[in-house]
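Take a look at the structure below.
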Amino acid sequence: MARKFFVGGNWKCNGTSEEVKKIVSTLNEGNVVSSDIVDVVVSPPFVFLPLVKSLLRSDFQIAAQNCWIQKGGAYTGEISAEMLVNLDIPWVILGHSERRLLLGESNEFVGGKVAYALSKGLNVIACVGETLEQRESGATVDVVAAQTKAIAERISDWTNVVLAYEPVWAIGTGKVATPAQAQEVHYELRKWLQINVSVEVAESTRIIYGGSVNGANCKELAAQPDVDGFLVGGASLKPEFVDIINSATVKSSA
């Protein structure tokens, strides 16, 4: 079955009100392929979610960059899934490697977050990926399988999940997994889903790539059979994000 291309823009901890307005203006003016061909989701910092929601073109959607593992309460500094639903924010990114590494979020904790967010009606971009040390020791597939397993053990419906493979060594470093390296891991992730979840979930779940994706390398990456789109970091703050969105045509014309 054909999987609809997906492009997410993770703005991370960047921007002022004025800068955010400029980014949104660039996106709103961008000439992009039809939303029948690609889902586009942008993820500003929490404080800018209402601003972006009020200005962004209607064919693009919005994601938060994180949410808490359970209902809100005495969790200073956290944002609950219920709050995102209340603001009518449809998507959330969970398990990003920066949170796993810098804030010590375990596979189990991320799995719990994914399950809770889904239970509240959010769509989830769930991130997996290995460090350079893990890749060089040959542990890539074991690492991403364990990360995926912690999610699979806690959910039964994958309809609203997009899996994002982001090799940690390629995030913000300028190093990019070669198209062959990306395809290899995406293939292994899909195979894992087929064996451990179901053939249907393996065929329908979108697995997107993240890690120094830009306007120059996106088309070659998009041509890989198991790469269903991108989670873009730094380049999502630049006009070239429109070019990355339009790399969806590589799939639609294939």
Side-chain angles (χ1 to χ4, degrees), residues 1-8 10 38-41 43 61-73 75 78-97 99-100 103-130 139-166 182 185-210 225-231:
M1 64 182 290
R3 294 178 295 272
K4 189 176 178 185
F5 208 73
F6 185 102
V7 178
N10 178 11
V38 61
D39 285 327
V40 181
V41 177
S43 188
Q61 298 182 77
I62 300 176
Q65 294 178 16
N66 179 46
C67 67
W68 185 233
I69 193 170
Q70 59 195 60
K71 194 176 178 195
Y75 308 108
E78 284 296 334
I79 306 286
S80 70
E82 289 85 350
M83 291 174 186
L84 298 178
V85 171
N86 180 246
L87 285 181
D88 202 22
I89 303 297
W91 287 88
V92 64
I93 299 171
L94 294 173
H96 193 281
S97 64
R99 297 195 63 85
R100 290 179 186 265
L103 297 166
E105 294 192 2
S106 67
N107 291 351
E108 293 69 30
F109 189 65
V110 172
K113 281 185 166 189
V114 172
Y116 191 77
L118 290 171
S119 78
K120 296 301 158 188
L122 291 170
N123 302 288
V124 175
I125 301 168
C127 303
V128 300
E130 84 285 10
T140 295
V141 174
D142 291 342
V143 169
V144 297
Q147 291 167 336
T148 308
K149 180 172 183 271
I151 296 167
E153 287 174 342
R154 290 165 174 82
I155 71 172
S156 55
D157 186 353
W158 285 76
T159 310
N160 297 323
V161 178
V162 170
L163 206 54
Y165 167 59
E166 295 201 305
V185 179
H186 284 232
Y187 171 82
E188 291 292 346
L189 279 168
R190 206 174 299 287
K191 188 168 82 172
W192 190 94
L193 289 173
Q194 184 178 352
I195 294 166
N196 296 283
V197 182
S198 73
V199 172
E200 292 75 21
V201 165
E203 287 181 354
S204 62
T205 300
R206 291 176 288 186
I207 305 176
I208 62 177
Y209 171 76
D226 288 299
V227 174
D228 302 315
F230 304 113
L231 184 57

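Remember, it's a predicted structure, so these values are computed and weren't measured experimentally. We use all heavy atoms of the structure for the numbers below, so side chains are in, but hydrogens, waters and symmetry mates are not.
Scanning all heavy atoms of the two residues, the minimum distance from Ala63 to Ser43 falls at O-OG, 2.9 Å. In this structure, Leu231 and Ala164 approach most closely via the heavy-atom pair CD2-CB, 4.1 Å. Contact detail for Ile151 and Ala126: the closest heavy-atom pair is CD1-CB, 3.8 Å. Between Ala202 and Arg3, the shortest heavy-atom distance links the atoms O-NH1, 4.5 Å. In plain terms, the two heavy atoms of Leu94 and Cys67 that are nearest each other are CD2-N, 3.6 Å. Contact between Asp157 and Val161 at its shortest, heavy atoms only, is O-CG2, 4.4 Å.
When the shell of 6.0 Å around NZ of Lys4 is examined, it contains more than 12 heavy atoms from other residues, nucleotides or ligands. The environment of OH in Tyr187 is sparse: at most 12 heavy-atom neighbours from other residues, nucleotides or ligands sit within 6.0 Å.
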Exercise. So Gln194 and Val201, side-chain contact (heavy atoms from CB on, under 4.5 Å) or not? Walk me through it.
Worked result: CA-CA 7 Å; Gln194 184 178 352; Val201 165; over 6 Å; no
Problem set entry | CA sep, side-chain torsions, deciding dist, call: Val185, Val144, side-chain contact (heavy atoms from CB on, under 4.5 Å) | CA-CA 8 Å; Val185 179; Val144 297; 4.2 Å; yes
Problem set entry | Full working for side-chain contact (heavy atoms from CB on, under 4.5 Å) between Phe109 and Ile69 | CA-CA 7 Å; Phe109 189 65; Ile69 193 170; 3.5 Å; yes
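The side chain to side chain donor-acceptor pair (under 3.5 Å) analysis of residues 108-118, with sequence neighbours excluded, yields the pairs Asn66-Lys113, Glu82-Tyr116, Glu105-Lys113.
Note: His186 and Tyr209 have tilted aromatic rings, judged against thresholds of 30 and 60 degrees for the angle between ring planes. Relative ring orientation between Trp68 and Tyr75 is described as tilted, the plane-to-plane angle lying within the 30° to 60° band.
With no hydrogens or angles considered, a side-chain donor-acceptor pair links Glu130 and Tyr165 at under 3.5 Å. Checking His96 against Gln65 by side-chain atom types alone, no donor-acceptor pair falls below 3.5 Å.
The aromatic ring centres of Phe230 and Phe5 sit less than 6.0 Å apart.
Looking only at side-chain heavy atoms (C-beta outward), Glu203 and Leu193 stay at 4.5 Å or farther from each other. When side chains are defined from C-beta on, Val162 counts as touching Trp91, because their heavy atoms get closer than 4.5 Å. Val197 has its side chain within reach of Trp158: a pair of non-hydrogen atoms, C-beta onward, lies under 4.5 Å apart. Two residues are said to be in side-chain contact when any heavy atoms from C-beta on lie closer than 4.5 Å; Lys149 and Trp192 meet this criterion. Using a 4.5 Å heavy-atom cutoff, the side chains of Leu189 and Thr148 are in contact. Leu122 places a side-chain heavy atom less than 4.5 Å from the side chain of Leu84. A 4.5 Å side-chain heavy-atom check between Cys127 and Ile93 finds at least one atom pair inside the cut-off.
Checked against side chain to side chain contact (heavy atoms under 4.5 Å, CB included), Asn160 has the following partners two or more places apart in sequence or in another chain: Leu118, Asn123. The salt bridge (Lys or Arg N to Asp or Glu O under 4.0 Å) check on Arg100 picks up nothing, with sequence neighbours excluded.
Within the model, atoms OG1 of Thr159 and CD of Glu200 stand 11.5 Å from one another, a figure rounded to the nearest 0.5 Å. We find the NZ-CE distance between Lys120 and Met83 to be 13.0 Å, quoted to the nearest 0.5 Å. The distance from atom CG of Asp142 to atom OG1 of Thr140, rounded to the nearest 0.5 Å, is 9.0 Å. The line from CD1 of Ile89 to CD1 of Ile79 is 11.0 Å long, rounded to the nearest 0.5 Å. Between the CZ atom of Arg190 and the CD1 atom of Ile195 there is a distance of 13.5 Å, given to the nearest 0.5 Å. If you take CD1 on Ile208 and CD1 on Ile125, they are separated by 5.5 Å, rounding to the nearest 0.5 Å.
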